[in-house]
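What you are looking at is a predicted structure, and each value in this text was computed from that prediction instead of being measured. Every chain is numbered from 1 and lettered A, B, ... according to where its sequence line falls, protein lines coming before strand lines.
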Amino acid sequence: MRPSRRLVGVVAAIGLAAITLAACSSNNSSSSTTSSGGSTTGSVRTGGTLTMGLDENLAGFNINTSAASEYVLQEILDQVWPQPFIVNAALKPVLNTQLITSATSGGSPQAVTYVINPKAVWQDGTPITADDFIYNWQAQSGNSTYTDIGGATYDAASSSGYNQIATVTGSNPTGGAACDPGSAADRNVGLCPNGRTVTVKYTTPFADWQSLFGNLVPAHIARTVGWNTGFAGPAQTISGSWYEIQSYTANQSVVLVRNPSYWGTPGKLDKIVFQFFSDDTQEVPALQNNEVQLINPATVNTAITQSAAQVPNTTKVTVPGLEFEHLDFNEADPYLAKLPVRQAIAYGTNRQEIISHTVGEVASGIVPLGNRMFVASQPQYVNDGSQYDTVNPSKAESLLSGLGFKKASDGYFQPNYGPQSGQDLTFTIQSTSGNSTRAQTEQLFQAQMKAIGIKINIQNYDANTFFGTNLPNGTYQIAEFAWVSTPFPSGNQSIYCSYTSSSCGQNWLHYANPAEDKLLAAGSSATSASQETTDFNQADKLLWNDMATLPLYQKPQYFAWSNKYGNVIPNASTTGVPWNANLWGLKAS
Amino acid sequence: MTETSDLSPRQQRLRRVSTSEVGMHTLPEAVPPAGSDDEARYGMAGDARGQLATVARRFIHSPMAVIGLCIFFGLAVAAILTEMFWTYSYTSITNTLNAPPSLAHPMGTNSIGGDVFAQAMHGTLQDIEIALVVAVLATFIGATVGAIAGFYRGGTDTALMRFVDLILVIPVLAILIVLAHIVAKQASNWLWLAIIIGAVSWTYVARLVRADFLSLRERDFVEASRALGASNRRIIVRHMLPNALGPIIVNATITVALSIVLESTLSYIGLGIQPPNVSLGLLVDQGQDSATTEWWLFVFPVVILVVLILSIFFIGDGLREALDPKKNRVRA
Amino acid sequence: MTDATMTVDHLVVDFSTGDGTVRAVRGISFSLAPQEVLGIVGESGSGKSVTALATMGLLAKNATVTGSITYAGREILGLKEKQLAKIRGIGIAMIFQDPMTSLNPVYTVGWQIAEAVQAHQDVDKNEAMAKAVALLQLVGIPNAERRVQDYPHEFSGGMRQRVVIAIAMANNPAVILADEPTTALDVTVQAQVLDSLKTALAETKASLLLITHDLGVIAGLADRVLVMYAGRPVEIGTVDQIFYRPAMPYTHGLLGSLPRLDSQGAERLRQIPGAPPSMVGEMKGCPFAPRCPMRADICDEQEPNLAPVDSQPLDSPADGSGSAGSALDEIDDAGHVAACHFAGDVARLPVASMFPDTSADHEGVAP
Amino acid sequence: MLAYILRRLVISIFVLFLATILVFLLVAESGDPLALLRANPKIPHRVILARENLLHLNDPLYERYWIWFSHAIHGDFGNTVAGQAVRPQLVSHLLVTLRMVILATLISIVLALAVGVYAALRQGKVADHVATVTNFLFLAAPVFVVGLLLKEFVAIPINEHLNRIVFYTNGEQSPTLSGSFFSRLPDYAAHTALPTITLILVSYSSWAIYQRASILETLDSDHVRLARSKGISPRRVLMRHVFRNALIPVTTVIALDFAAILGGALITEIVFGWQGLGIWFLNGVNGLDINITLAYLLVTATFVILFNLLADIIYAFLDPRIRYD
């Protein structure tokens, strides 16, 4: 069975996923900004219900807690909690102008000013104010002076970015009213909590400031029920956006209906239902049965696409996603520590063959990925590893020979030093068990390495052991898993900066290069988007030179939906397809 | 039931061959008479060779058992031959992707060009290997524990049977899932899988042998051996065990079938055999989404799996009937 | 005998088993006159019980029965279960061998007797239960009123057998078949059960087909005796004929294994060596031949048929056996038949003198 | 009888207690449930410390067990690794599973008895052979195979043929279901049918085979022979003597198989995406969630024990020879 396939995917993205989930996803502001994401599919009428299949259950509604931070919850909250920026289908963050009329960044030290729409209110009528920004910053700052109700430590899925904020203050309360004094209990004394303009001052520059304050938690509720565990259901999870949660049946469904308090353009559909599937492969039969009308299964394989192809009157779309598979080389290994060995593996890996035998069967146009910071569908993408685009076994063999390794009669190279001296050069590749695409990739890799004289063993572990133990402890040689790229590349810093630094917690590679550290730091604190892109692309080039990891391909995302509905536009980011659900509707016939 | 010792009135009457989980299968056995012909019950005592011939003759006269035997050995031999001589191995990767059955690939190919025939045959072999290890392991542990409990009774019996009860109150599959999870951390080796399945499969044999021993130890020939000064060990091994051999053999056969069920179920839920190794359960899991499209990925493994298990049940049933003297009893 | 209550004619019973066809009964004919007690003796497996069960139509499904069985002049072999039910219990009743298993463990004894009563008598439950109490008293169960409420497992073996007898006599049957009624019981209670059986016969005026391997029981109850061996009757005669002029070596053997109160001196018990033949497949020659001290070549070739016994001395006076002298001379051979090529010779031999008196061959003890 | 049942209960609870210790140790030793969180540098360290405290991960094992045990006997099963209370989850998943299991058990029993009796009475005839081969087929087919075949080759084609949903293939009810219980009933039925049929097919087969054997055995028994010799009607023989007595051993078999039904339900839930105990448990084990694992163990074992006690009572009722003392 496969519960948690998606979880595996999300988990694979650990650090980045957390950032993505906690911060980057937001909803598009209005109908006009759908330009590059795809065309609107014609006019839709008001009313109707759409049921979408989701493949995980929920563990609470506060997505900003580590306990509940899941992709599926983001898909629900896209339409429920206020999102200052929404990542559109072109993977660019776009300001949600119905909520924030303007957001500007500048100055040194960096300061960001948000102007909240004066009409913006929570479902219960409480205005959305600076207090909500103050509270959300405090809760996710990782600072121990701020505590949840009962003195509990705030459970924050990520404090990244928030921990660089010095202050959050309000100003300009509605209608020129005076600032509230704030209260000590609420820790907002003197911060003008009722202000409708919010100023966020950073201690150090944070290039991806747009990723913060997504999924804004209602402060007035959170202070009563508690951040950590208070958001257990619809009663607490009040809406500050297009739709409110009408009902939640654990493990079953979440039903959204229009938020009557919404101040902007209301959503088209009367009702959006999210139905949970314990096994995402069951979503196609459910689509076929018209139990759901929109699916986005985590598992994408021929079986799914072919059976979905038999469902009439549906649109099926495969989109390259932000998640990319890669090979991770542990340089603590005496052989993988040698650059020529890593390069030989990279030259011997026929990425094109891997693609055509796996994801290429379900999605066309997937190419070997040439960048770790940006995927091919992002505008910032540059192919930095073009010399590895085509497989080059002779080059691989000459690199190994160059090290003094001798090819034995069984066709495998034998090292002249270390523990495998005089034996066949052997590596174990590991990944998460229960993922057939990864298993197939490993098998193909095994065959390809055999061709250049490297013996590969395959050994997979459950996700908990693989991500929780083997990777962090460095108990692996070659690992195959996915990172999730985001529109906000700063998340990559902790993966590729020198492992000797404690802040580089996801560098399990034992990779260290001071030049790389410098580029990553510059990129993360860049004040302009173009500078950020340049720095990170340079950092990536260096990683290709050092052959730290070998990116394989972008994982395709698969969407299928009933043709009765219009304005459904796939979005490969972790915002998910409901990024513009407020525009979904039954086609006006 | 949780308290085996109190089951005796039932156990006297019941002699189920198996209790399993996954399939939740109980292969029942005819209820033996309440009489006292235990010793002759499975006809293994006494003139061993003659009895063996009788058992063999009866077995051969049961068409289902013979069919089962032929299928089982047919599959096993086919799997071995395929492993040795077939063009492709189960790890082979060809450039023929998702091809329906053809002469080159009798069961088609999968999405990376693997030959399904080679995989199905390797899976069959893998399943049989695991099942045989499980059967040997479970029978050995079960017979030992059951013999000791039934022979010594008292505190030893109570302690051992309470332990057996542990496994009776929880679904076997649940225990296996917990164990498989731990084992998966060590290594995804099929031998480990066999060991954990064996670790939960021996309790039925233990109960069976214990019940037999409880009645056997009251029998004259045991008393006689004891009077002659034979050691406990000798009495257990030389005198009592041979008398309990019939049900043990039948049960071992059923254990083979049940461990294939358990293994394939574990593989189906992702806790059993891991790729690139294959088992039939894993192939079914991988092929289930293709059931209506690339049907060959699903249908062949399913059919082989069911036929394999079925054949062993038939063998077990045939053995049980052949070893059952009531079968040929004529009322006179 | 047209006035016979029941006749059995050329009855053959085969069982098909995994080991082949077992020829359990290979042709048996006899008739039962009103109130007559016919004993059938033989070793285990000789076909005695099968004969009785065939008569009741109670054989297992794998049995093939041919021949003829008539009751009250009507052919009952091949009747449907429903029609048989009208005869069973009221026409022919049966007492089974093992009282430990022949009662249904889940019903009270009273219930089971009452069920038998109600099967053929139009009485209500209370009346049936009252009848059950009366029957239990008749067969000698103390405290019958209370004990009808007890379950079989609360009774001893002897008591249970009396309950079975009570069931058998519940409807005053014309014939009672008693299949080894005392075999499974302790010697001490056998006599009591036999008393109950006699009471039952006296009450019901039924004929009795008494199947046993216990010649003592036969001697006490039977009018005539039929000796079976390997599925066939090998000797039929009155009790006196069988006991004093056995004309078949096998009968000699049986008698030799029986302690006789009328014998004088310290005669040793004698054994029949060997074991009965397998009943699977065809037989050639006399089935007793392998164990027979008088075996001749003809015995291996030809199975002897039942033939009248001529036991008159070839030349008088008979030698050696003068001890029983005058009594023996009074026995005539009317109706005495035996299946032995040397029946006449055998009948002239002193009883039970044919077999060696060693008791070593423990294995071969019959039955 | 009461004393016996109480004694059984005490021993069962003792066994259950042992089982919880065993499983507790197995799960506790199998890894760190927070490993994934720890591997994520974005999560502040204090968050992880707080979670450790909530789950008592830093206490010695015996103390953790005692904490669990002392709460569990008061019906508090602690928190999941994600920090939520276990009990409400347990209840909701249990209700889902019971819906399928109770229905399937009852129907399986009836079906098994019917098929068993029918096959036994037709012994050696075509009907018997067909029934027996069918029984063995379902005996041999693993649960997931039966479920998948029903789903792919029965339910979906029927739905497509009739162009409406007769059988739902996923979930225990439609997400938007509302209205009174009776108006929801058809939806429940359409969701429950397939999984229940799956569970029935894999459960009934062994019982039917056993029932057939038991009937044949009883048919051949001395007491049935005696009953027939009384001259009572064949129908009465069958009902009062054969069927009644053959039920006794079958009762035990069914009772002993209840744990197996719960195991089968686990797989059925996975195949049909039911949010029952099984999936919950499996996810719990995968997440090294001790409290979920133990709660599942406790509740299934309790059901098995109760079911067996029930069987004991029925058994005593069916067989007067059994006196539990």
- Task: Provide the closest heavy-atom pair for Leu58(C) versus Arg228(D) in the form atom of the first, atom of the second, distance.
- Result: CD2-CB, 3.5 Å
- Task: State, with a plain yes or no, whether a side-chain heavy atom of Val106(C) is found less than 4.5 Å away from one of Ile248(D).
- Result: yes
- Do you know the tightest heavy-atom contact between Leu226(D) and Ser102(C)? CD2-O, 2.8 Å
- Item | Electrostatic pair Arg240(D):Glu115(C) at N-O distance under 4.0 angstrom | no
- Query: So which heavy atom on Ala119(C) is nearest to which on Lys230(D), and how close?
  - Reply: CB-O, 3.9 Å
- Going by heavy atoms in the side chains, are Pro320(D) and Tyr107(C) under 4.5 Å from each other? no
- Flag the one option from Gln123(D), His241(D), Arg244(D) with the top tally of heavy-atom pairs under 4.5 Å to chain C. His241(D)
- Message: Below 4.5 Å, heavy-atom pairs only: which of Met56(C), Lys82(C), His120(C) has the largest tally toward chain D?
- Response: His120(C)
- Query: To the nearest 0.5 Å, how far apart are CG in Leu177(C) and OG in Ser229(D)?
  - Reply: 9.0 Å
- Task: Below 4.5 Å from any heavy atom of chain D, which atoms of Met94(C) appear? Answer side chain, backbone, both or neither.
- Result: both
- Item | Point-to-point distance, once rounded to the nearest 0.5 Å, from CZ of Arg225(D) to OG1 of Thr101(C) | 9.5 Å
- Message: Taking side chain as everything from C-beta outward and backbone as N, CA, C, O, which of these in Gln112(C) sits under 4.5 Å from a heavy atom of chain D? Side chain, backbone, both or neither.
- Response: both
- Bottom line for Leu318(D): the part with an atom under 4.5 Å from chain C's heavy atoms is backbone
- Would you say the side chain of Pro105(C) lies within less than 4.5 Å of the side chain of Asn245(D), judging by non-hydrogen atoms? yes
- Message: Please classify the contact of Val117(C) with chain D as side chain, backbone, both or neither, using a heavy-atom distance under 4.5 Å.
- Response: neither
